[in-house]
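Here is the structure we will look at.
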Amino acid sequence: MKEKRARKVAVVTGGAAGIGQGFALRLARDGQIVAVGDLAPADETEQLIRKAGGEIFWEQCDVSDAGSVAQFVGSVTDRYGGVDILVHNAGIYPISSFEDTDWATWRRIMDVNLDSVFHLTKAVLPGMKEAGWGRIVIMASATFQLGSAGLVAYTASKGGVIGFVRSLAAEVGVSGITINAIAPGMVRTPGTIAGPQQQLGLFDAILTSQAVKRVGLPEDLMGAISFLTSNDAAFMTGQTLLVDGGLARA
Ligand code: NAD
């Protein structure tokens with residue numbers, strides 16, 4: 001077993017914006033060194049973390065590309081000696097009926113949301129096993145419970161995440177590694193604001209089913225990420241934590 005690092009190193013994918021940016025800032029405030037991998041530049045996240053007195057490294061990374069993931073995780077390992085926490089948050093959620101979903105779109109959603117889980121976990125797991133400690137958290141979605149129209153490929157990809165987490169937990173628990181998923185309902189982020197969600201009236205429609213009668217914000221997910229990446233969560237693994245204002249109540 002390797003000597004444990006005083007400060008944990010947390011990789012956050014998709015940490016340049018939205019929920020991932022919130023996760024990066026929260027983990028930095030929790031005292032972790034944060035490494036953001038995103039297609040987009042993470043300057044804004046860097047500024048927020050530096051202002052909060054935290055440490056951040058970021059590098060461009062396409063989570064759907066095994067080579068890009070290996071390069072990014074290699075850079076983080078060269079710099080800090082390893083990865084203790086993986087928060088795989090990058091994801092895409094195009095809305096279209098199954099009839100209108102072509103093979104290229106299906107493949108892109110699977111590449112970014114699910115195949116990426118394979119690439120990232122493969123890249124960080126050996127180091128976590130050697131260290132005898134690790135936390136992996138992957139973003140799922142309450143759409144898995146809801147089975148909403150227009151999101152067949154997305155829901156299938158997030159169902160894959162939930163299955164992955166359940167099964168891998170059984171293999172890595174012996175090494176002090178936990179793996180869980182967080183399933184938000186609808187959260188106001190750059191991605192959902194730019195998408196058709198507003199036009200389709202989804203922010204309003206969802207409130208009729210949600211127990212908490214307001215739209216979710218990235219801040220609503222921060223307690224969950226802080227807990228699941230902590231020592232306190234050592235006995236929780238293989239789970240998908242719904243943080244959805246009581247939308248799915250599964
Ligand atoms: P967002 O679109 O606001 O931000 C996503 C970030 O991921 C961006 O910075 C983007 O550049 C990055 N990204 C996209 N593709 C990438 C790739 N191939 N490689 C690296 N980075 C990439 O998204 P968000 O709304 O904050 O959602 C974050 C996660 O939460 C996603 O996995 C999403 O499926 C999940 N989720 C979101 C909601 C919601 O309502 N916002 C609900 C349930 C689940």
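Whatever order the structure lists them in is the order used to number ligands and atoms, beginning at 1. All heavy atoms count here, side chains included; hydrogens, waters and symmetry mates do not.
When only interatomic distances are considered, the shortest N/O to N/O separation between Ala142 and ligand 1 does not fall below 3.5 Å. For Gly191, a nitrogen or oxygen atom sits less than 3.5 Å from a nitrogen or oxygen atom of ligand 1, counting backbone and side chain alike. Polar contact with ligand 1: present for Asp62 (N/O pair, distance under 3.5 Å).
Nearest to atom 5 (C) of ligand 1 by heavy-atom distance, out of Ser64, Gly91, Gly18, is Gly91. The heavy atom nearest to atom 1 (P) of ligand 1, considering only Tyr93, Phe144, Phe23, is found in Tyr93.
Numbered from 1 in the order shown, with element, the atoms of ligand 1 that lie under 4.0 Å from a heavy atom of Ile19 read 26 (O), 27 (O), 30 (O), 37 (C), 41 (N). Near Met139, meaning under 4.0 Å from one of its heavy atoms, ligand 1 places the atoms 30 (O), 32 (O). Each of the atoms 9 (O) of ligand 1 lies under 4.0 Å from some heavy atom of Ala17. Taking every non-hydrogen atom of Val187 and a distance limit under 4.0 Å, the qualifying atoms of ligand 1 come out as 39 (C), 40 (O), 41 (N). In summary, the atoms of ligand 1 found under 4.0 Å from a heavy atom of Met186, numbered by their order in the structure, are 40 (O). The Ser141 neighbourhood of ligand 1 comprises atoms 43 (C), 44 (C), with distances under 4.0 Å to a heavy atom of that residue.
The protein atom (non-hydrogen) at minimum distance from atom 15 (N) of ligand 1 is Leu39 CD1, 3.9 Å. Nearest non-hydrogen protein atom to atom 6 (C) of ligand 1 is Gly14 O, 3.7 Å. With hydrogens left out, the protein atom closest to atom 20 (C) of ligand 1 is Cys61 O, 3.1 Å, a heavy atom. Taking atom 42 (C) of ligand 1 as the reference point, the nearest protein heavy-atom neighbour is Gly185 O, 2.9 Å. Summary of contacts: the protein heavy atom closest to atom 31 (C) of ligand 1 is Asn89 O, 3.1 Å. From the protein, the heavy atom lying nearest to atom 10 (C) of ligand 1 is Asp38 OD1, 3.4 Å. Protein heavy atom nearest atom 22 (C) of ligand 1, with residue, atom name and distance: Ala90 CB, 3.7 Å. The single protein non-hydrogen atom nearest to atom 35 (C) of ligand 1 is Tyr154 OH, 3.9 Å, given as residue, atom name and distance.
Closest approach of Tyr93 and Thr189 over heavy atoms only: OH-OG1, 3.4 Å. When every heavy atom of Val36 is checked against every heavy atom of Ala24, the shortest pair comes out as CG2-CB, 4.1 Å.
Residue contact check for ligand 1: Lys158 places a non-hydrogen atom closer than 4.0 Å to it. Ligand 1 is approached by Ala140 to a heavy-atom distance shorter than 4.0 Å.
Under the 4.5 Å side-chain heavy-atom criterion for Ile, Leu, Val, Met, Phe, Trp and Tyr, Val187 and Val112 are members of distinct hydrophobic clusters. Linking ILVMFWY residues whenever their side-chain heavy atoms come closer than 4.5 Å, directly or via other members, leaves Trp133 and Val172 in distinct clusters.
Residue-level proximity to ligand 1 for Thr192 is carried by the side chain, the only part with a heavy atom below 4.0 angstrom. Contacts with ligand 1 closer than 4.0 Å are made by no heavy atom of Ser116, backbone or side chain. For Pro218, no heavy-atom contact with ligand 1 is shorter than 4.0 Å.
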Original post:
Thr143 and Ser148: side-chain hydrogen bond (donor to acceptor under 3.5 Å, both in side chains), yes or no, with the steps?
Top reply: CA-CA 6 Å; Thr143 53; Ser148 315; over 6 Å; no
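A salt bridge links Asp115 with Arg107; the closest basic N to acidic carboxylate O contact falls under 4.0 Å.
In this structure, Lys51 places its NZ atom where only 12 or fewer heavy-atom neighbours from other residues, nucleotides or ligands lie under 6.0 Å away.
The aromatic rings of Phe98 and Trp106 stand perpendicular to each other, their planes meeting at an angle above 60°, with 30° marking the opposite boundary.
The closest donor-acceptor contact from the side chain of Asn113 to the backbone of Ser157 lies at 3.5 Å or more, if one exists at all. Between the side chain of Arg50 and the backbone N or O of Ile56, at least one donor-acceptor pair lies under 3.5 Å. Formation of a donor-acceptor pair under 3.5 Å by the Asp244 side chain with backbone atoms of Pro184 is not found in this model. At distances below 3.5 Å, not a single donor-acceptor pair connects side-chain atoms of Ser226 with backbone N or O atoms of Met222.
Atom CD1 in Ile138 sits 6.5 Å away from atom CG in Leu86 (nearest 0.5 Å). Rounding to the nearest 0.5 Å places CD of Gln239 at 9.5 Å from CG of Leu228.
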